[in-house]
Amino acid sequence: MLTESSRMQAVQSPIIPVVGELIRSCPGTISLGQGVAYYSPPPEAIAQLSHFLADPENHKYKPVQGISPLLEAIAQKLKFENAIDMNAENCIVVTAGSNMAFVNVVLAIANPGDEIILQTPYYFNQEMAITMAGCRPILVATDENYQLRPEAVRQAITEKTRAVVTISPNNPTGAVYSEAALREVNQICRDRGIYHISDEAYEYFTYNGVQHFSPAAIPDSHPHTISLFSLSKAYGFASWRIGYMVIPEPLLIAVKKIQDTILICPPVISQYAAFGALQAGVDYCKEKLEAIASVREIVLNECDRIQHLCTIPPADGAFYFLLRVHTKLPAMDLVERLIREHGVAVIPGTTFGMEDGCYLRVAYGALQKETAAEGIGRFVRGLSAILSA
């Protein structure tokens, strides 16, 4: 009998489609599951589509690395928003989303059997990508507030380690890592001759005056720092599939080989739209962020009612909370009951590598205020009913 490879058998199945099937089987369920923003791309992005259609050459292949106007716009954005200067030591590659950028990186820097350090809770697609490449994800637990533990990272490095991954603002926890901790991890990577992969897809989503920091802004960090960005969240671009990466120049040939094989070039129509989105700029996202921040307050206020049932560590970024639920029930069992019995969906913490208890991720970026209030109300009532039974 023909079967899939043992390599792919070792890869966990993504949980979002599983939860999606449960939602479809229970009409009327409100999803606090998938991590998307509630809004659409800015008008400037849509306006670029006519420019794309006006040139017949746009229906042909374009450069693997990305079209020039978009690369130039990204370089300006990086300089003024992230304090990342483009020079002879680094370069930008446009990708079909930042998940693809991560796969590109893993294939470019690691050999089968090599190790890449992830912080737990991890982003499941990154753990999957590392396993697909025949590499080993090495898991380093964050602290009780889901913050980095640089010394634990240092101790996890071996002769097989190729990179340390940080995600800030974080999916799935909403934690924002401090500049000091990110600088320390970056210095550890420099000292040990490995890469620091910094995932910054949620860079604009911070609250309470907390600031995002890009490790590639550190002087002389270019040779060992890889930065991943996405338009999916900030510009409502999830289905357009545009992200980009800033990589050390010596990796460019390898990354172009990978991208040319898998993709050839990111969809050119999406690149045009991305160029328009960057013309709208960060102000577009900041305007939308006000509504997300108000939904966040609703979630926090509702969850205050169940502090005896769960712990919610501080989360000043992204649009997630990762709750520690005080129960011995398996997380997926709890998720199924919340959907079937109470009409609300969340994501189990097991998919983020949390096996030492019951954890649930609540996502609040996709919903308008009224729907979010109803959804979190169902969650609070449902959790209370299930755990008190």
Practice task
Could you walk me through whether Asp260 and Tyr61 pass side chain to side chain donor-acceptor pair (under 3.5 Å), step by step?
Solution key: CA-CA 11 Å; Asp260 185 69; Tyr61 295 129; over 6 Å; no

message: Please say yes or no: joined through hydrophobic side-chain contacts below 4.5 Å, possibly via intermediate residues, are Ile23 and Ile16 part of one cluster?
response: yes

Between Tyr272 and Asn58, is there a side-chain donor-acceptor contact under 3.5 Å, judged purely by atom types and distance? yes

task: For residues Leu322 and Leu360, determine if any side-chain heavy atom of one lies less than 4.5 Å from a side-chain heavy atom of the other.
output: no

Exactly one of Leu139, Thr120, Thr350 clears side-chain contact (heavy atoms from CB on, under 4.5 Å) with Glu355, and that residue is Thr350

Salt bridge (charged side-chain N to carboxylate O under 4.0 Å, His left out) filter on Glu81, not counting sequence neighbours, yields none

Cluster check Met100, Val268: I/L/V/M/F/W/Y, side chain < 4.5 angstrom: no

Output for pair (Arg241 CZ, Leu231 CG), nearest 0.5 Å, gives 10.5 Å

Next on the checklist: Quick one: does any side-chain atom of Gln271 pair with a main-chain N or O of Ile67 as donor and acceptor, under 3.5 Å?
Outcome noted: yes

Next item on the list: Go through the steps to decide whether Tyr235 and Leu278 satisfy the test side chain to side chain contact (heavy atoms under 4.5 Å, CB included), and finish with yes or no.
Entry: CA-CA 9 Å; Tyr235 292 101; Leu278 291 180; 4.1 Å; yes

Across all chains, not counting sequence neighbours, the ring-ring contact (aromatic ring centres under 6.0 Å, His included) partners of Tyr364 are Phe321

Walk me through it: do Val19 and Ile339 pass the test side chain to side chain contact (heavy atoms under 4.5 Å, CB included)? CA-CA 9 Å; Val19 174; Ile339 294 172; 4.0 Å; yes

**Under 3.5 Å donor-acceptor, Asp191 side chain and Ile188 backbone** = no

Between Phe319 and Gly35, the two heavy atoms sitting closest are CE1-C, 3.7 Å

Same cluster for Leu367 and Val299 if Ile/Leu/Val/Met/Phe/Trp/Tyr side chains link at under 4.5 Å? yes

Notebook entry, point to check: When you measure from the side chain of Glu203 to the backbone N and O of Phe229, does any donor-acceptor pair fall under 3.5 Å?
Noted result: no

Tested for side-chain contact (heavy atoms from CB on, under 4.5 Å) against Phe102, the lone hit among Leu107, Thr95, Ile130 is Ile130

When Ile312, Val344, Leu32 are each screened for side-chain contact (heavy atoms from CB on, under 4.5 Å) with Val362, the one that passes is Leu32

- Main-chain N/O of Gly343 paired with Arg378 side-chain donor or acceptor, under 3.5 Å: yes

TODO: Could you verify whether a donor N or O on one side chain and an acceptor N or O on the other, from Arg361 and Asn171, lie under 3.5 Å apart?
DONE: yes

In short, Val295 meets Ala372 closest at the heavy-atom pair CG1-CB, 3.5 Å

In this structure, CD1 of Ile84 is separated from CD1 of Ile74 (nearest 0.5 Å) by 11.5 Å

*Quick one: are Ser198 and Leu228 in side-chain contact, heavy atoms under 4.5 Å?*
no

Q) If we only count heavy atoms from C-beta on, is the Ile253 to Lys257 side-chain gap below 4.5 Å? A) yes

| said: Is there a path of hydrophobic side-chain contacts, each under 4.5 Å between heavy atoms, that joins Val246 and Phe275? | reply: yes

| task | Return yes when atom CD of Glu159 has more than 12 non-hydrogen atoms of other residues, nucleotides or ligands closer than 6.0 Å, and no otherwise. | result | no

Show the numbers, then the answer: is there a side chain to side chain contact (heavy atoms under 4.5 Å, CB included) between Ser13 and Val18?
CA-CA 9 Å; Ser13 296; Val18 175; 5.7 Å; no

For Arg296 and Ala315 the tightest heavy-atom approach is NH2-O, 2.7 Å

Donor-acceptor contact present, side-chain His224 to main-chain Asn186, <3.5 Å: yes

Under the 3.5 angstrom rule, does the side chain of Tyr244 hit a backbone N or O of Gly66 as a donor-acceptor pair? no

_Check whether Gln307 reaches the backbone of Cys303 with its side chain - one donor and one acceptor, N or O, closer than 3.5 Å._
no

CD1 (Ile116) and CD1 (Ile197) are apart, to the nearest 0.5 Å, by 5.5 Å

In this structure, CG of Leu387 is separated from CD1 of Ile306 (nearest 0.5 Å) by 8.5 Å

Any side-chain heavy atom of Cys285 sitting closer than 4.5 Å to one from Phe205? yes

| Are the side chain of Lys286 and the backbone N or O of Tyr204 linked by a donor-acceptor pair below 3.5 Å? | yes

Between Asn208 and Val210 (side chain of the first, backbone of the second, donor and acceptor by atom type, cut-off under 3.5 Å), is there such a pair? no

Checklist entry - Are Ile117 and Thr161 close enough that some pair of their side-chain heavy atoms sits under 4.5 Å apart? => result yes

In terms of heavy-atom contacts, Val335 and Ile347 come closest through CG2-C, 4.1 Å

Heavy-atom nearest pair, Tyr202 first then Pro169, reads O-CG, 3.2 Å

Pairing of Lys160 and Glu115 as salt bridge, 4.0 angstrom limit: no

Rounded to the nearest 0.5 Å, the CD1 atom of Ile92 sits from the CD1 atom of Ile247 at a distance of 10.0 Å

Looking only at the side chains, is there a donor atom on one of Gln147 and Ser178 sitting less than 3.5 Å from an acceptor on the other?
no

Side chains of Glu249 and Asn87 only: does a donor on one sit below 3.5 Å from an acceptor on the other?
no

- Do side-chain atoms of Asn90 reach the backbone of Asp85 as a donor and acceptor pair under 3.5 angstrom? yes

Check your understanding: Do the side chains of Met332 and Val346 join up, straight or via other hydrophobic residues, at under 4.5 Å, putting them in one cluster?
Key -> yes

So CD of Glu127 and CE of Met132: to nearest 0.5 Å the spacing works out to 9.5 Å

Is the NZ or CZ atom of Arg324 both under 6.0 Å from the centre of the six-membered ring of Tyr146 and within 45° of that ring's axis?
yes

Polar contact flag, side-chain donor to acceptor under 3.5 angstrom, Thr166-Asp199 = no

Determine whether Pro313 and Thr173 make a side-chain contact, defined as any pair of heavy atoms from C-beta on separated by less than 4.5 Å. no

- Query: Do Pro172 and Tyr320 have side-chain heavy atoms sitting under 4.5 Å apart?
  - Reply: no

Taking every heavy atom of Cys358 against every heavy atom of Ala331, the minimum-distance pair comes out as SG-CA, 3.7 Å

Report the C-alpha separation of His326 and Thr311 in whole Å, then their side-chain angles, then the decisive distance to 0.1 Å, and conclude whether the side chain to side chain contact (heavy atoms under 4.5 Å, CB included) test is met.
CA-CA 8 Å; His326 307 153; Thr311 301; 2.9 Å; yes

Set out, in order, the CA-CA distance, both residues' side-chain angles and the distance that settles salt bridge (charged side-chain N to carboxylate O under 4.0 Å, His left out) for Arg381 and Glu374, then state yes or no. CA-CA 10 Å; Arg381 292 189 297 272; Glu374 173 62 22; 3.8 Å; yes

Q) Do Gln126 and Val165 have side chains that get closer than 4.5 Å, going by heavy atoms? A) yes

Exercise for the section: Run the ring-centre check on Tyr177 versus His212 and record whether the distance is less than 6.0 Å. Expected result: no

